[in-house]
Amino acid sequence: MSKFNLRGLNQKVGNDLLNDSSRSAGSAFRIVNIPLANLVIHPLNDEIYPPEDISTLKDLVQSQGLDQNLLVAPMPAARDDAELVEVTTSTVRAMYPEASEEEFSSLLSDELQRARTLNRCYQTNPGKYLVISGNRRCYAYQLLHKEFPDIPIYESVPCKVIDDPEEAEGGYLS
């Protein structure tokens with residue numbers, strides 16, 4: 001039995017079932033094995049998905065492999081603080097146009113703290129890849145590599161690399 005393939009259906013039916021974004025999704029990324037040393041865990045995602053007990057995930061990766069590739073992007077260039085403040089202020093204003101001055105000030109303070117955390121990450125890790133999605137899977141690989149340093153399969157991780165900076169930028173803010 002063959003798998004359902006929306007691209008194939010689109011070609012067979014002749015209807016335009018896929019929008020431009022969906023049609024080009026395969027061209028904006030590539031799958032690459034990246035050495036663990038070149039992966040930097042996104043400093044803000046631990047707030048959302050804490051790396052608490054990942055022993056079960058580590059055991060699953062060891063016994064069954066990785067079900068889903070990590071999503072990574074090349075580390076962007078760091079910004080100077082004035083530019084960071086300007087961009088963050090503009091972004092917060094656009095996201096919350098109805099906010100009172102007090103609300104805006106609080107929102108801006110929170111966003112600037114996150115932006116500066118990310119910017120420090122960019123400054124200290126040039127040339128590496130930022131893990132946008134898959135922090136816990138990356139931690140599991142790190143534990144496996146530490147436990148089995150002589151097994152080459154744990155030296156690198158299969159990653160979906162987003163090369164389009166605009167698409168990746170959304171992940172930096174998550």
Side-chain angles (χ1 to χ4, degrees), residues 6 16 18-54 57 66-143 145-146 155-174:
L6 191 55
D16 193 16
L18 299 177
N19 63 25
D20 290 338
S21 175
S22 296
R23 272 194 298 279
S24 67
S27 63
F29 69 87
R30 55 197 162 88
I31 306 293
V32 179
N33 280 329
I34 298 177
L36 277 173
N38 290 341
L39 294 174
V40 177
I41 292 185
H42 195 294
L44 300 178
N45 283 352
D46 283 350
E47 296 171 12
I48 301 166
Y49 300 107
E52 292 163 351
D53 181 24
I54 59 168
L57 179 58
L66 196 61
D67 263 352
Q68 186 178 7
N69 298 328
L70 304 182
L71 179 64
V72 303
M75 195 67 68
R79 294 179 169 154
D80 66 40
D81 198 60
E83 180 185 7
L84 193 65
V85 169
E86 180 182 330
V87 168
T88 305
T89 301
S90 170
T91 301
V92 171
R93 234 182 252 298
M95 290 175 60
Y96 304 100
E98 311 265 330
S100 69
E101 280 304 310
E102 185 178 315
E103 290 170 325
F104 177 78
S105 179
S106 176
L107 291 165
L108 179 59
S109 175
D110 291 346
E111 285 303 312
L112 272 174
Q113 183 180 353
R114 285 193 271 289
R116 286 180 172 135
T117 297
L118 274 174
N119 207 44
R120 278 190 301 278
C121 179
Y122 303 161
Q123 288 171 333
T124 57
N125 297 289
K128 295 188 178 187
Y129 291 86
L130 183 65
V131 178
I132 296 171
S133 177
N135 285 6
R136 292 172 48 82
R137 285 171 272 152
C138 191
Y139 282 129
Y141 254 81
Q142 289 173 343
L143 288 173
H145 181 60
K146 188 175 183 177
E155 292 175 0
S156 62
V157 185
C159 298
K160 177 180 175 180
V161 180
I162 298 176
D163 290 314
D164 179 353
E166 286 183 26
E167 184 180 344
E169 184 70 24
Y172 298 149
L173 303 175
S174 64

(request) First locate atom CD1 of Ile31, then atom SG of Cys159, and finally report the distance between them rounded to the nearest 0.5 Å. (result) 8.5 Å

(request) Say whether, by atom type as modelled, one donor and one acceptor occur between the side chain of Arg79 and the main chain of Asn119 under 3.5 angstrom. (result) no

(request) Nearest 0.5 Å please: distance from the CD1 atom of Ile34 over to the NZ atom of Lys160. (result) 13.0 Å

(request) For Leu57 and Arg137, work out which heavy atoms get closest and say how close. (result) CD2-N, 3.8 Å

(request) Would you name the heavy atoms of Leu39 and Cys138 that are closest together and state the gap between them? (result) CD1-SG, 4.1 Å

(message) Minimum heavy-atom separation for Ala78 and Gln123, please, with both atom names.
(response) CB-CG, 3.2 Å

(request) Verify, without hydrogens or angle tests, whether Ser109 (side chain) and Ser105 (backbone) share a donor-acceptor contact under 3.5 angstrom. (result) no

(request) Assess whether side chain to side chain contact (heavy atoms under 4.5 Å, CB included) is satisfied between His42 and Cys121, documenting all intermediate values. (result) CA-CA 8 Å; His42 195 294; Cys121 179; over 6 Å; no

(message) Check whether Thr91 reaches the backbone of Val87 with its side chain - one donor and one acceptor, N or O, closer than 3.5 Å.
(response) yes

(message) So which atom in Leu84 and which in Leu112 form the shortest heavy-atom distance, rounded to 0.1 Å?
(response) O-CD2, 4.3 Å

(message) Measuring from atom CG of Leu44 to atom CD1 of Ile41, what distance do you get when rounded to the nearest 0.5 angstrom?
(response) 13.0 Å

(message) Rounded to the nearest 0.5 Å, what separates atom CG in Leu130 from atom CG in Asn38?
(response) 13.0 Å

(request) Look up atom OH in Tyr141 and atom CG in Leu70, then write down how far apart they are to the nearest 0.5 Å. (result) 8.0 Å

(message) To check you understand the geometry: which heavy-atom pair defines the closest contact between Ala140 and Ile54, and what is its length?
(response) N-CD1, 3.5 Å

(request) Nearest 0.5 Å please: distance from the CG atom of Leu107 over to the CD atom of Glu103. (result) 7.0 Å

(message) More than 12 heavy atoms of other residues, nucleotides or ligands under 6.0 Å from CG of Asp80: yes or no?
(response) yes

(request) Give a yes or no on this: more than 12 heavy atoms of other residues, nucleotides or ligands lie within 6.0 Å of atom CD of Glu83. (result) yes

(message) Go through it in stages, so that I can follow the logic: the residues are Arg116 and Asp81, the test is side chain to side chain contact (heavy atoms under 4.5 Å, CB included), and I'd like the CA-CA distance, side-chain angles, deciding distance and then a yes or no.
(response) CA-CA 8 Å; Arg116 286 180 172 135; Asp81 198 60; 2.9 Å; yes

(request) Would you check, one step at a time, whether the test side chain to side chain contact (heavy atoms under 4.5 Å, CB included) holds for Thr89 with Phe104? (result) CA-CA 9 Å; Thr89 301; Phe104 177 78; 3.9 Å; yes

